[in-house]
Amino acid sequence: MLHAKTSSPTKKTLPYWIPLIVLTALFTAMFGIMPPLRDDQWFMSFATAFLENPSISNFIDGFREQVVFRYNFDNARIPNILGTVWVVLPRWFMVGVLGASFAFAVYLGARLSQTWRSSAAGFSVLIFGIVIALPWFDDMFTVMFAMNYLVPSALTAYAALVFLRQVPPHTALAFALALVVGLWHEAFAATMLAGVVFTAIIIPYYRRPATAAMAAALIAAIIFLASVPGTATRIGSFHPERFIKLHLGVLTGLPFYLFAISALALWARKTTRRHLITPQFVFIFGARGGAWAVWRFFLTDYRVSWPMIYVSSIGLAYIVGKIFATRAKPAWAAYAVLIAASIVQPVMSLPWFIKMRQEVMTANEAVMAAGEDSVVFTPVTTPFTAPWYTMGRPSFEIYKSGGFPFYNAIPEQLKDFSPENAVHIGISENVYFHKGCIVLEGTRTDIHSAKCTLYFDGKPYATECFGTNFTTPAGEFTYILPLHSFQKAKLHHLSGFDLN
């Protein structure tokens with residue numbers, strides 16, 4: 001009897017620790033296998049002199065140049081200001097940081113949703129939301145993108161837990177913690193600020209000095225990040241006219257809308273209404289509202305939705321945890337399905353990370369052998385040939401602007417390309433689809449982040465495209481790789497293409 005009592009707590013924690021450990025290992029592996037592309041290469045370019053000839057002076061010069069560039073032409077977030085540091089640190093160290101950040105984003109999210117070791121069903125909803133719903137396909141396995149979105153997820157959850165303590169945190173600590181969250185990313189600053197302010201409005205107990213300190217720090221961070229010169233160069237991503245067009249991004253906003261519907265369902269019943277007046281729920285409700293507003297105003301890249309989906313997943317986990325509190329069998333059934341799906345998906349994606357790494361190495365060797373100004377044909381997976389179950393993890397669209405060597409690499413299946421053997425899909429020009437590739441007849445040098453429209457089953461889908469010129473015995477052509485086409489390509493038939 002004594003043995004049963006002492007082993008019970010351990011058994012109760014296994015449904016939480018096992019998936020957390022397994023998923024942390026899987027995501028750490030994916031971070032480690034992912035080759036340095038896109039922004040990783042961009043940030044590394046400022047450390048070229050240091051990487052070729054390591055010295056303090058070379059590092060300081062590269063770091064200074066990078067900081068000045070970010071401040072004037074990009075943004076002044078902490079992860080970007082320190083970007084040169086991240087990319088010159090040992091790869092294994094940064095992989096460890098990202099793996100730990102994933103683990104803490106899950107663990108602290110579970111603590112905030114009150115599901116850790118208390119609701120298997122709620123915990124599984126949180127896991128599913130983080131693993132499946134978050135836009136990992138938006139190049140989030142690169143070091144720089146993960147530092148901008150995964151790390152502040154964990155920081156925000158921790159800051160929320162500190163804020164919600166019954167014993168108020170020291171005012172200076174509250175200010176410093178909120179300032180770090182705010183300067184790490186403006187979207188998370190707005191998310192945290194909305195949660196803090198809304199909680200103070202609804203619950204008088206939280207109208208305390210620590211709350212004022214946090215709010216002040218977050219406001220200061222937002223003002224600073226918005227006022228740096230680099231923000232003006234990126235203001236094109238601000239689209240306030242899209243705010244009320246709720247039909248845009250319905251699937252992306254699904255976790256938010258499910259959370260709202262679930263909250264209304266709880267409020268409709270007097271027996272469950274009490275769960276909606278706790279500090280945790282009030283904070284989550286306010287925070288996800290702030291994150292939703294940021295997403296609606298900047299309805300461009302999918303990664304803008306990250307804070308909204310993360311906080312909404314925490315909120316859904318909280319609600320499910322309360323709903324299934326007295327329903328053991330349905331709770332464990334939901335747990336089994338959601339945890340299984342959340343583990344199987346990255347397991348099936350892992351070989352494709354290995355494939356991407358092999359393709360990058362092969363392309364790199366081919367370009368180096370032929371000369372950096374040469375165009376080579378190498379094995380290249382495209383968004384149209386990648387299997388649906390990868391869910392864009394990894395995103396082979398990263399090849400569009402992944403830097404060297406993919407400014408020079410063409411999929412090997414186009415080596416003998418001829419319009420006679422391809423399907424014509426052009427609307428206003430001669431454009432063809434062949435073996436998972438879009439090809440424009442003739443050479444173009446202006447197709448870099450160019451506006452284009454893909455037609456899936458006849459319906460237009462506006463996006464951006466990147467092009468690389470190549471030659472075959474049949475003539476001169478341009479290989480075109482569209483942005484954010486993976487999801488549409490898996491669900492619909494590509495019937496047309498047009499350059500705007």
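We're numbering straight along the sequence, starting at 1.
- Remark: Gln166 pairs with Tyr205, Tyr206 by the side-chain contact (heavy atoms from CB on, under 4.5 Å) rule, at least two apart or across chains.
- Within a 6.0 Å sphere centred on CZ of Phe486, heavy atoms belonging to other residues, nucleotides or ligands number more than 12.
- Side-chain contact between Thr84 and Phe59 is present, with at least one heavy-atom pair separated by less than 4.5 Å.
- Shown here for Ala189 and Ile222, the closest heavy-atom pair between the two residues is CB-CG1, 3.6 Å.
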If you look only at distance, which donor and acceptor atoms sit under 3.5 Å apart when one is on a side chain in residues 86-100 and the other is two or more places apart or in another chain?
residue, atom, partner, partner atom, Å
Trp86, NE1, Pro79, O, 2.8
Arg91, NH2, Phe31, O, 3.0
Arg91, NH2, Met34, O, 2.5

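- With contacts defined as side-chain heavy-atom distances shorter than 4.5 Å, the pair Val282/Ile277 does not qualify.
- Although no hydrogens or angles enter the test, the distance criterion places no donor-acceptor pair under 3.5 Å between the side chain of Arg288 and the main chain of Met308.
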Chi angles and distances behind the side chain to side chain contact (heavy atoms under 4.5 Å, CB included) call for Leu112, Leu108: CA-CA 6 Å; Leu112 182 57; Leu108 295 172; over 6 Å; no
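- Between Ser395 atom OG and Phe145 atom CZ the span is 10.0 Å, to the nearest 0.5 Å.
- In this structure, Trp184 has no ring-ring contact (aromatic ring centres under 6.0 Å, His included) partners at least two apart in sequence or on a different chain.
- Here the side chain of Thr191 pairs no donor or acceptor atom with the backbone of Pro307 at under 3.5 angstrom.
- Using cut-offs of 30° and 60° on the angle between ring planes, the pair Phe102 and Trp136 is tilted.
- Side-chain contact check for Glu65 versus Asp61: every heavy-atom pair is 4.5 Å or farther apart.
- Atom CE of residue Met144 and atom CE of residue Met44 lie 12.0 Å apart, to the nearest 0.5 angstrom.
- In summary, the aromatic rings of Phe141 and Phe353 are positioned with their centroids under 6.0 Å apart.
- Rounded to the nearest 0.5 angstrom, Leu225 CG and Asn80 CG are separated by 10.0 Å.
- Side-chain contact annotation: Tyr149 with His185, donor-acceptor N/O pair under 3.5 Å present.
- Separating the OG atom in Ser313 from the CG atom in Leu134 is a distance of 6.0 Å, to the nearest 0.5 Å.
- The side-chain contact (heavy atoms from CB on, under 4.5 Å) check on Pro19 picks up Phe123, Tyr335, Ile339, with sequence neighbours excluded.
- Counting heavy atoms from C-beta on, the side chains of Arg393 and Trp352 never come closer than 4.5 Å.
- Applying the side-chain contact (heavy atoms from CB on, under 4.5 Å) criterion to Ala217, with sequence neighbours excluded, gives Phe175, Ala178, Leu179.
- In this structure a side-chain-to-backbone donor-acceptor pair under 3.5 Å is present from Arg357 to Ile33.
- One distance of note links OH of Tyr310 with OG of Ser305; it measures 14.5 Å at 0.5 Å rounding.
- Here Phe69 pairs with Trp42, Phe46, Phe73 under the ring-ring contact (aromatic ring centres under 6.0 Å, His included) rule; sequence neighbours left out.
- With contacts defined as side-chain heavy-atom distances shorter than 4.5 Å, the pair Val337/Phe128 does not qualify.
- Side-chain atoms of Lys490 come within 3.5 Å of backbone atoms of Ala386 as a donor-acceptor pair (strictly under, hydrogens ignored).
- At least one test fails for Arg111 against the ring of Trp116: distance under 6.0 Å to the centre or angle within 45° of the axis.
- Ring-plane geometry between Trp292 and Phe256 is classed as parallel, the angle between the planes falling under 30 degrees on a 0 to 90 degree scale with a further cut at 60.
- Donor-acceptor pairing under 3.5 Å is recorded for the side chains of Glu397 and Ser485.
- With hydrogens and angles ignored, the 3.5 Å screen pairs no side-chain donor or acceptor of Asp74 with any backbone N or O of Gly230.
- In this structure, Pro279 and Leu164 approach most closely via the heavy-atom pair O-CD2, 3.7 Å.
- Sorted by first and then second residue, the salt bridge (Lys or Arg N to Asp or Glu O under 4.0 Å) pairs involving residues 152-179 (not counting sequence neighbours) form an empty list.
- Residue Leu491 qualifies as enclosed at atom CG: its count of foreign heavy atoms under 6.0 Å is above 12.
- Side chains of Ser118 and Gln114: a donor-acceptor N/O pair is absent below 3.5 angstrom, by distance only.
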Under the side chain to side chain contact (heavy atoms under 4.5 Å, CB included) criterion, do Glu464 and Lys451 qualify, and how do the steps go? CA-CA 5 Å; Glu464 298 179 1; Lys451 301 297 182 182; 3.5 Å; yes
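- Pairs of residues two or more places apart, or lying in two chains, that qualify as salt bridge (Lys or Arg N to Asp or Glu O under 4.0 Å) and include a residue from residues 172-196 are Arg77-Glu186.
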Pair Tyr399-Phe466, side chain to side chain contact (heavy atoms under 4.5 Å, CB included): steps then yes or no: CA-CA 9 Å; Tyr399 290 166; Phe466 297 77; over 6 Å; no
Could you walk me through whether Ser349 and Gln345 satisfy the side-chain hydrogen bond (donor to acceptor under 3.5 Å, both in side chains) test, starting with their C-alpha distance in whole Å, then the side-chain angles of each, then the deciding distance to 0.1 Å, before giving a yes or no? CA-CA 6 Å; Ser349 292; Gln345 197 286 318; 2.7 Å; yes
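- Across every non-hydrogen atom of Leu23 and Pro346, the tightest pair is CD2-CG, 4.0 Å.
- Pairing each heavy atom of Gly109 with each of Ala157, the nearest pair is N-CB, 4.2 Å.
- Distance CD1/Ile132 to OG/Ser342: 5.0 Å, rounded to 0.5 Å.
- With sequence neighbours excluded, no residue forms a ring-ring contact (aromatic ring centres under 6.0 Å, His included) with Phe43.
- Applying the ring-ring contact (aromatic ring centres under 6.0 Å, His included) rule to pairs touching residues 268-290 yields Phe163-Phe283, Phe198-Phe285, Phe259-Phe281, Phe281-Phe285, Phe281-Tyr318, sequence neighbours excluded.
- For the ring-ring contact (aromatic ring centres under 6.0 Å, His included) test, no residue two or more places apart in sequence or in another chain qualifies with Tyr461.
- Checked against side-chain contact (heavy atoms from CB on, under 4.5 Å), Ser262 has the following partners two or more places apart in sequence or in another chain: Leu316, Ile319.
- Of the possible polar contacts, none joining the Asn53 side chain to the Ala49 backbone as a donor-acceptor pair under 3.5 Å is found.
- Counting non-hydrogen atoms of neighbouring residues, nucleotides and ligands closer than 6.0 angstrom, the OH atom of Tyr158 reaches no more than 12 such neighbours.
- The closest side-chain donor-acceptor pair between Asp139 and Thr142, if any, does not fall under 3.5 angstrom.
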Stepwise, does the side chain to side chain contact (heavy atoms under 4.5 Å, CB included) test hold for Thr211 with Val196? CA-CA 7 Å; Thr211 300; Val196 167; 3.6 Å; yes
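- Shown here for Pro135 and Ile309, the closest heavy-atom pair between the two residues is CD-CD1, 4.0 Å.
- Nearest heavy-atom pair, Pro482 versus Thr463, reported as atom, atom and distance to 0.1 Å: CB-CG2, 4.4 Å.
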